[in-house]
There are 2 protein chains.
Amino acid sequence: MSKVKQGITAKDVAKLAGVSQSSVSRVYFEGATVSQKTREKVLAAAKELGYRPNEFARSLITNRTKIIGLVMKGVQNPFYPQVLKQFTTAFKKLGYSILFVYTNNDEIQKDDIDTLLNYNVAGVIITDATLSLQANEDLFNNRIPLVLFNRKIVGNKFFSVCCNNLEASKQIAQYLLKTGCSNMIYISGNENTSTSKEREKGFVTVLEENKVKYKKYISDYTYEGGYETIEEIVSQGKIPEAIFVANDIMALGVIDALKKHQISVPDEVKVVGFDNIEMSAWPSYSLTTWEQPINEMVKRTVDYLTAEINEYSGFTKNIEIDGRLIVRNSTYNS
Amino acid sequence: MSKVKQGITAKDVAKLAGVSQSSVSRVYFEGATVSQKTREKVLAAAKELGYRPNEFARSLITNRTKIIGLVMKGVQNPFYPQVLKQFTTAFKKLGYSILFVYTNNDEIQKDDIDTLLNYNVAGVIITDATLSLQANEDLFNNRIPLVLFNRKIVGNKFFSVCCNNLEASKQIAQYLLKTGCSNMIYISGNENTSTSKEREKGFVTVLEENKVKYKKYISDYTYEGGYETIEEIVSQGKIPEAIFVANDIMALGVIDALKKHQISVPDEVKVVGFDNIEMSAWPSYSLTTWEQPINEMVKRTVDYLTAEINEYSGFTKNIEIDGRLIVRNSTYNS
DNA sequence: CTGAAAGCGCTTACAG
DNA sequence: CTGAAAGCGCTTACAG
C-alpha cells in the first residue's frame with residue numbers, strides 16, 4: 001500500500017495565488033462568482049502546481065456525481081457496442097463518465113446495482129435486461145433515475161426507451177404479405193424479453209388478420225441460436241416461404257444455415273431481421289431488416305436522465321420511437 | 001437540484017446499534033478488528049436502516065479507489081467487446097469497477113485521461129491506442145499503473161500485453177509458403193499501430209528469406225477498408241495467390257469483395273486474418289486466422305495491475321503471449 | 001476491542 | 001466579490 005498523496009490541494013493553490021481556499025474552490029465550481037483577477041491568479045497557480053479538484057471531496061458534499069451507471073448484457077451482439085459508443089460520447093459532452101457493468105442476468109439483481117449505489121451514480125441505464133424488484137427499490141429509494149433501454153416492463157412503472165416494436169413487426173408482416181408469401185415462421189429471441197414478445201405479437205396479429213399460416217420457433221438472440229433453429233426446421237422438412245427473425249445476429253445464423261442446405265435466399269425463403277447492425281449490409285448477407293433509430297433512442301434517454309438529475313420527478317413512461325424497413329437482397333432479388 | 005440526502009450514515013447505524021461510529025466503520029473496513037458481538041449488532045442495525053458505506057468519503061481518506069479506467073477505441077471491431085467483457089468480469093471478482101472511456105484517437109490525449117485522474121482510478125488500461133507524452137506524464141506523476149493492451153510502444157517504458165505478433169506472422173508466412181503460394185499481399189491496419197507493423201515485419205521477413213514476391217497495401221482495420229483494398233487490387237489486375245490481412249474484420253471485407261468479383265477463396269486466392277473473432281468461424285467466411293489468447297492476455301493485465309496497485313513499483317515490460325494458427329476453409333479446401 | 005477526536009479536500013452559508 | 005469557518009461521511013492514530 002505505497003500509494004503516496006499527490007498532495008496538491010486547493011489550499012496549496014490558494015497559498016501560491018495569495019487568495020483564500022474558498023476562492024480557489026469558486027473558480028472550479030460552476031455557477032460561483034469570482035472576479036476576473038482572482039480567477040486568473042488561481043488558474044495560473046493551479047497550472048503551475050498541476051492542481052486538479054478532487055471529485056470525491058466534491059461529491060461528498062454535493063451528494064451528486066457525474067457518473068452514469070450503464071448495465072449491459074449482450075456485448076456479443078454488435079448492436080450494443082454501438083449503443084455503448086453513443087452513450088459514452090453523448091455523456092462525455094455533458095461532463096458525465098460511464099461506470100460500466102457487464103451482467104449475465106436477464107434480470108439485474110441487487111448486487112449488480114450495489115456497486116452503482118456505492119458510487120452514488122447520478123443515473124442508471126440498463127440496455128438489454130430488466131431488473132429485480134429489490135434492485136429497483138434500491139434505486140427508487142435513493143432517487144436515482146433509471147432508463148430501460150431496448151426493454152420494457154408491462155405497465156408504466158419505468159421509463160423505457162424502445163423502438164416501436166409492435167408497429168415495426170406489423171409492417172414487416174405486411175411487407176412479406178405483399179411479396180406474396182403465405183407460409184411463414186417467426187424465430188423468437190429469449191422469450192422473456194419484451195422485444196421478442198412485441199415483435200412476435202405485431203407479426204402474428206397481421207398474419208392472423210390475413211389468415212396466413214405461421215409457426216413459431218423459440219431461440220435466443222444469438223447467431224448459433226438462429227443457425228440451429230434452421231437445422232431443426234430443415235430436419236422437420238418444414239421450410240416456409242418467409243422467416244422473420246427477432247434480431248439481425250440470429251438472422252445471419254439463419255442465412256448461413258440456409259446456405260449450407262443450399263436453400264436459396266430469397267428465391268426459396270425470404271429472411272427479415274431486426275436492428276440493422278452493420279453486418280446486415282455486408283454482401284454475404286444483404287439482410288432486409290428494421291432499422292432501430294439508435295441516435296434518437298440515445299438522445300431521448302440522455303434527455304430524460306439529465307432532466308431527472310437536474311430535478312427528480314420519478315416520472316415514468318414507455319417511449320417508443322419509429323424506425324424504418326430497410327429492404328435488401330434477403331427478400332428481394334435485384 | 002432536488003436530490004435529497006439519503007441520510008443513512010455510519011452515525012445513524014451507530015446510534016441504533018448502541019456503539020460508536022468508529023465501530024461501525026470498523027465493521028465495513030477490511031482488516032480492522034471488531035468483536036463478534038459488535039459486528040452482529042452493527043450489521044443488524046445497518047440492515048434495518050439500509051446502510052451503505054459512502055465510497056467517496058472512504059476514498060477521500062484512503063486516497064485509493066476500486067475503479068479501473070478502461071480506454072477503448074475500436075468498439076466496432078468485435079474483438080474489443082469481448083475484451084471489455086472479460087476485463088469487467090475479472091475485475092468484478094476483485095471488487096473493482098470499470099470506468100469506461102471511449103476515444104476516437106489513436107493516441108490518447110490529456111483530456112481523455114483527465115476524467116480518470118479526477119476519479120483517482122487505481123489503474124488504467126488502454127486497449128487499442130497509445131498515449132501522448134503529456135497523458136503518460138500525468139499518470140506517472142500520480143503513480144497510476146498503466147497497461148497498454150494489444151499495443152506497444154518501442155522501448156521498454158510501458159507495461160504492455162500483446163500476443164506475439166512477430167512470431168505469429170512468421171508462422172503465417174511459413175504456413176502460406178507450405179501451401180505453395182509464391183505471390184502474396186499484406187494488407188495493413190492503421191500503419192502507426194504496433195500490431196500492424198509487427199505483423200508486417202514477421203510476414204515480410206520470412207517471405208524475403210524465401211525470396212517470395214509480395215506487395216503491401218495500406219488499410220485501416222475496418223471491414224470497409226478491407227473491401228476497398230480488394231477493389232483497388234482487382235482494378236489493378238494484381239490478384240495474388242495469398243493475402244495476409246492484419247485483422248479479421250478487414251479479412252471479412254476482403255472475402256466479401258473477392259466473392260463479388262467471383263474470385264474463388266481459397267482456390268484462386270488464400271486469405272488469412274488475425275484475431276479469431278467469432279465471425280471468422282461463420283460458414284460464410286470460414287477464415288483461417290491467428291487466435292489471440294485473450295484469456296491469458298487479460299489475466300496478465302489484471303495480475304500486473306493488482307500487483308502495482310498493492311505496491312507501486314513502476315515496473316515496465318513488453319509481455320508477448322503465444323497464440324495459434326486456426327486453419328479454416330479460406331486457405332484449405334476440405 | 002472500543003470510543004473520542006482529528007482530518008481527508010472540498011462546498012457553502014454567513015459576514016463583511 | 002472574498003475570507004473564515006462549519007461540515008460532508010468516512011478512516012485512523014491515540015488512549016484506555
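Treat the numbers as computed from the prediction; the structure is a model and nothing was measured.
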Participant: Kindly confirm or rule out a cation-pi arrangement of A/Lys66 over A/Tyr96, judged by NZ or CZ under 6.0 Å from the six-membered ring centre and within 45° of its axis?
Facilitator: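 Ring-cation test returns yes.
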Participant: Taking only side-chain N and O atoms of A/Ser35, does any of them lie within less than 4.0 angstrom of OP1 or OP2 on D/dT2?
Facilitator: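 For D/dT2, OP1/OP2 do have a side-chain N/O of A/Ser35 under 4.0 Å.
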Participant: If you compare every side-chain N and O of A/Ser20 against the phosphate oxygens of D/dT2 (OP1, OP2), does one of them come in below 4.0 Å?
Facilitator: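 Result: no.
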Participant: When all nucleic acid strands are considered with a 4.0 Å heavy-atom cut-off, which category describes A/Gln21: base, sugar-phosphate, or nothing?
Facilitator: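 Base contact.
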Participant: Could you tell me how far apart B/Phe29 (CZ) and C/dC1 (P) are, to the nearest whole angstrom?
Facilitator: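 Computing the B/Phe29:CZ to C/dC1:P distance gives 15 Å.
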Participant: So which nucleotide from D/dG9, C/dC10, C/dG3 ends up closest to the side chain of A/Ala10?
Facilitator: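 Nearest to the side-chain atoms of A/Ala10, counting from C-beta on, is C/dC10.
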Participant: Assess the side chains of A/Arg151 and A/Thr195: does a donor N or O sit below 3.5 Å from an acceptor N or O?
Facilitator: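 On atom types as modelled, these side chains qualify, holding a pair under 3.5 Å.
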Participant: In whole Å, what is the span from the NZ atom of B/Lys37 to the P atom of C/dT2?
Facilitator: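 Rounding to the nearest Å, NZ of B/Lys37 and P of C/dT2 are 10 Å apart.
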Participant: Of the nucleotides D/dT2, C/dC10, C/dT2, which one has an atom closest to the side chain of A/Val34?
Facilitator: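 Per side-chain heavy atoms of A/Val34, the pick is D/dT2.
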Participant: Using the rule side chain to side chain contact (heavy atoms under 4.5 Å, CB included), only one of B/Ile68, B/Ile309, B/Val121 pairs with B/Pro145; which is it?
Facilitator: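 Passing option: B/Ile309.
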Participant: Whole Å only: how far is the CZ atom of B/Arg64 from the P atom of D/dT11?
Facilitator: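 After rounding, the reported distance stands at 14 Å.
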Participant: Using atom CZ of A/Phe56 as one end and atom C1' of D/dG7 as the other, report the distance to the nearest whole Å.
Facilitator: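 Atom CZ in A/Phe56 sits about 20 Å away from atom C1' in D/dG7.
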Participant: Testing the 3.5 Å rule here: is there a donor-acceptor pair between the side chains of B/Glu55 and A/Asn120?
Facilitator: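 No, no side-chain donor-acceptor pair sits under 3.5 Å.
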Participant: Closest-nucleotide mapping onto DNA chain C: is B/Ser22 or A/Arg52 further toward the 5' terminus? I mean the 5' end.
Facilitator: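 This one resolves to B/Ser22.
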Participant: Just checking B/Val24: base, sugar-phosphate only, or nothing, at a heavy-atom cut-off of under 4.0 Å?
Facilitator: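 Nothing, no heavy atom under 4.0 Å.
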Participant: Tell me: CG of A/Asn54 to P of C/dG7, nearest whole Å?
Facilitator: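 In whole Å, C/dG7 P and A/Asn54 CG are 18 Å from each other.
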Participant: Would you mind telling me which of C/dC14, D/dT12, C/dC10 lies closest to the side-chain atoms of A/Pro53?
Facilitator: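 Looking only at side-chain atoms, A/Pro53 lies closest to C/dC10.
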Participant: Considering every strand and a 4.0 Å limit on heavy-atom distances, what is the contact class for B/Ser25: base, sugar-phosphate, or nothing?
Facilitator: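 If one applies the 4.0 Å heavy-atom cut-off, B/Ser25 turns out to touch a base.
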Participant: Would you indicate which nucleotide in D/dT2, C/dC1, C/dA4 comes nearest to any side-chain atom of A/Thr38?
Facilitator: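 In terms of side-chain proximity for A/Thr38, the closest of D/dT2, C/dC1, C/dA4 is D/dT2.
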Participant: Look at the aromatic rings of A/Tyr28 and A/Tyr51 and report parallel, tilted or perpendicular, splitting at 30° and 60°.
Facilitator: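 The arrangement is perpendicular - the two ring planes meet at more than 60°.
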Participant: Counting just side-chain N and O atoms, does B/Tyr28 come under 4.0 Å of either OP1 or OP2 of D/dT12?
Facilitator: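 Answer no for this pair, as no side-chain N or O of B/Tyr28 is under 4.0 Å from OP1 or OP2.
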Participant: Checking base pairs now: Watson-Crick or wobble, both atom distances under 3.5 Å. What partners C/dG16?
Facilitator: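 Matched C/dG16 with D/dC1 under the 3.5 Å cut-off.
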Participant: Rounded off to whole Å, could you give me the CG-to-P distance for the A/Asn118 and D/dG9 pair?
Facilitator: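 That distance rounds to 15 Å.
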Participant: Does A/Arg58 put a side-chain nitrogen or oxygen below 4.0 Å from OP1 or OP2 of C/dT11?
Facilitator: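 So the side chain of A/Arg58 is within the cut-off, an N or O lying under 4.0 Å from OP1 or OP2 of C/dT11.
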Participant: Tell me the interatomic distance from B/Ile61, atom CD1, to C/dA5, atom P, rounded to whole angstroms.
Facilitator: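 Atom-to-atom, B/Ile61 to C/dA5, this comes out as 17 Å.
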Participant: Separation of B/Asp12 atom CG from D/dG9 atom P, in whole Å?
Facilitator: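 Computing the B/Asp12:CG to D/dG9:P distance gives 8 Å.
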Participant: Does a side chain donor of either B/Gln36 or B/Glu40 reach within less than 3.5 Å of an acceptor in the other side chain?
Facilitator: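 Short answer, yes.
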